[in-house]
Amino acid sequence: MSTPRRAAEAAVAEADALISLPTGVLDDILDRVGLRDAVRTSALSRAWRRRWEDLPSIDFYFPCPDETKHLRAVDSVLLRCPGRVRRLWAHLDEPSAGRIHDWLLVLSRRGVDTLNLRPSSFDAVLALPSSVFACRRLTNLRLHACAIPPLPAGFEGFPELRKLALTCVRFRENGEYQLEEIIATSPSLEKLVFWEVKILGDFKEWVIQGPNIQDIQISSSKDLGWILGELPSLHSANIDTLDYLGGRDFAKFLAGFSNITKLVICTRHSPLNGAIILERLQCKCGNLKSLTLYTQFCELASILSTYCLLRNAPNLERLKILIDNSAEQKFEAHEEFQNSQWTGGMCANLQFMQMTGIHWLPNEMTFIELILSKARLFRTLFITHGENCSMSNEDAMNKILSYRRASTCAEIMFKGKTSVTFFRS
């Protein structure tokens, strides 16, 4: 008997031995190999021909654009496999986008808990059907480059949704109220991500609030009108908006983050009247342990924003400053001026500071000197420089090494030039 034939017979014998395993074990094996390979087991032997159809749950997982051809089999699989569909994760081309309405209706009845949808073409927009709102057992909803339909009449929300991520999606006019309602009717929501969400028309104020929201990440090139409401569980936020503070109260904005432990925020776009507003800031971020600032030390508003945040974070332990590429110093924040911004207890618990993209400008050097001379528990200063430095690295480091240090444990680490661009053009 030829070797290939013997190998084939051995494979069949092994497969038939596997089919005798307990049902739960077989289900676990097929679930781990994925749907496509589970279907391929039909070729092993007659006993395996329809075994995959008895799986209690399946996933449609096609995360790459070149896998859209496999979506042609979704209708067949749904007809042959009556079990629960846990997730649909796919790039949708034009033919599959035309079937998404029917798929979502079936998935809503099969208890789908994860939807991750986007168009397969880079410049395309996927028009979602309203049937997406029928999937009430969702725990994770991620949409990219989708046009969001209006909420259907009688929409009751997503009671089990824990994560909502919207990137480059489009809402119709007054879509801010639609967003507000989706969030408000998702009481289990824990994480909220908005990345370049677009809403047609002029913005109106709307509220982000929820009893279990723990993490908020918002990046936008324009003001979407959002304000923070009651967020008793919020502990981390990442806010990068170019125009959010254009004509609004920065103090009120910061008050919404008063209980968090980790904050990433862009302060380089503070309004022209930001200096006056910041002086009136009353809230204390007493729980804040980690602060990351996208900022610069070239303009008064950004400098005051930085000191305002430091004054109001008495328990801060880690500070990261990512500096704008611009190296033109428009305001001289000399030692006397920056000393005047310091208050008792400021940076009392600060242990680590990282400054990335520094240009060795006088204002930056003065800030470093002040931190080293005041922070008594300080342990590590980590520095990388950007483009257009105002002095040589050797001169800058010699100067920093000569600064007085309030902490005997303070170390200074210099990596060199940063290779990361932190700000959008």
Side-chain angles (χ1 to χ4, degrees), residues 217 219 236-240 242 262-270 288-299 301-310 313 316-335 338 341 346-347 349-375 377-425:
Q217 299 178 21
S219 178
S236 64
N238 187 329
I239 309 297
D240 180 10
L242 295 180
K262 183 177 181 180
L263 176 63
V264 180
I265 188 171
C266 176
T267 62
R268 71 184 182 114
H269 300 288
S270 298
L288 189 63
K289 299 294 182 65
S290 174
L291 174 63
T292 299
L293 299 178
Y294 290 78
T295 190
Q296 38 87 349
F297 288 84
C298 297
E299 298 182 0
S302 293
I303 296 169
L304 290 178
S305 297
T306 298
Y307 276 101
C308 173
L309 288 164
L310 293 179
L316 188 67
E317 296 176 357
R318 300 179 64 86
L319 174 63
K320 295 184 180 180
I321 297 180
L322 311 177
I323 296 177
D324 189 353
N325 291 326
S326 172
E328 182 183 356
Q329 185 169 296
K330 299 178 181 178
F331 175 81
E332 182 184 356
H334 48 67
E335 182 179 359
Q338 294 198 42
Q341 300 300 312
M346 183 172 164
C347 295
N349 293 293
L350 187 66
Q351 299 176 36
F352 174 88
M353 183 170 75
Q354 176 179 332
M355 294 188 71
T356 300
I358 195 170
H359 304 109
W360 309 126
L361 296 173
N363 289 353
E364 297 168 346
M365 302 295 284
T366 299
F367 178 77
I368 292 174
E369 182 177 14
L370 199 59
I371 292 292
L372 288 174
S373 67
K374 301 284 190 179
L377 299 181
F378 199 72
R379 300 182 67 87
T380 306
L381 170 62
F382 187 87
I383 303 175
T384 61
H385 71 83
E387 303 284 351
N388 305 317
C389 290
S390 63
M391 69 174 77
S392 71
N393 295 334
E394 183 178 1
D395 289 344
M397 288 307 299
N398 286 335
K399 192 171 184 179
I400 291 174
L401 290 172
S402 71
Y403 292 156
R404 184 177 67 84
R405 306 180 201 183
S407 169
T408 57
C409 300
E411 293 182 323
I412 299 171
M413 302 177 66
F414 175 62
K415 185 177 180 180
K417 183 179 178 181
T418 178
S419 59
V420 180
T421 300
F422 296 102
F423 294 101
R424 299 170 296 199
S425 58

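The side chain to side chain donor-acceptor pair (under 3.5 Å) search around Glu317 returns none, not counting sequence neighbours. For the side chain to side chain donor-acceptor pair (under 3.5 Å) test, residues two or more places apart in sequence or in another chain that qualify with Asp395 are Ser392. Scored by the side chain to side chain donor-acceptor pair (under 3.5 Å) test, Gln354 finds Thr356 as partners (sequence neighbours excluded). Among residues two or more places apart in sequence or in another chain, the ring-ring contact (aromatic ring centres under 6.0 Å, His included) test is passed with Phe378 by none. Looking at residues two or more places apart in sequence or on another chain, you find a ring-ring contact (aromatic ring centres under 6.0 Å, His included) between Phe331 and Phe337. Under the rule for a side chain to side chain donor-acceptor pair (under 3.5 Å), the partners of Gln217 that lie at least two apart in sequence or sit in another chain are Asp215.
Among all heavy-atom pairs drawn from Cys389 and His385, the shortest one is SG-ND1, 3.5 Å. Of all non-hydrogen atoms in Lys262 and Leu288, the two that sit nearest each other are N-CD1, 3.7 Å. The nearest pair of heavy atoms linking His334 to Asn363 is N-OD1, 4.5 Å. Closest heavy-atom contact between Ala333 and Ile303: CB-CD1, 3.7 Å. Between Ala406 and Ser373 the shortest heavy-atom distance is CB-O, 3.3 Å. Nearest heavy-atom pair across Ile358 and Ile323 is CA-CD1, 3.8 Å.
Here the straight-line distance linking atom CG of Asn238 with atom OH of Tyr294 works out to 6.0 Å at 0.5 Å rounding. The distance from the CZ atom of Arg379 to the CZ atom of Arg318 is 11.5 Å, given to the nearest 0.5 Å. Here Leu361 contributes atom CG and Glu332 contributes atom CD; the two are 11.5 Å apart, rounded to the nearest 0.5 Å. To the nearest 0.5 Å, atoms CD1 (Ile265) and OG (Ser305) are separated by 8.5 Å. Note: Leu310 CG to Ile371 CD1 = 6.0 Å, rounded to the nearest 0.5 Å. The CD atom of Glu364 sits 7.0 Å away from atom CZ of Phe297, with the distance rounded to the nearest 0.5 Å.
Side chains of Met397 and Ile412 form a contact here, defined as non-hydrogen atoms less than 4.5 Å apart. Side-chain contact between Cys347 and Lys374 is absent, with no heavy-atom pair separated by less than 4.5 Å. Using a 4.5 Å cut-off on side-chain heavy atoms (C-beta onward), Gln351 and Thr380 make no contact. The shortest side-chain heavy-atom distance between Leu381 and Arg405 does not fall under the 4.5 Å cut-off.
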Checking side chain to side chain contact (heavy atoms under 4.5 Å, CB included) for the pair Arg404/Leu372: CA distance, chi angles, key distance, verdict?
-> CA-CA 7 Å; Arg404 184 177 67 84; Leu372 288 174; over 6 Å; no
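The aromatic rings of Phe367 and Tyr307 stand perpendicular to each other, their planes meeting at an angle above 60°, with 30° marking the opposite boundary.
With hydrogens and angles disregarded, a donor-acceptor distance shorter than 3.5 Å links the side chain of Ser390 to the backbone of His359.
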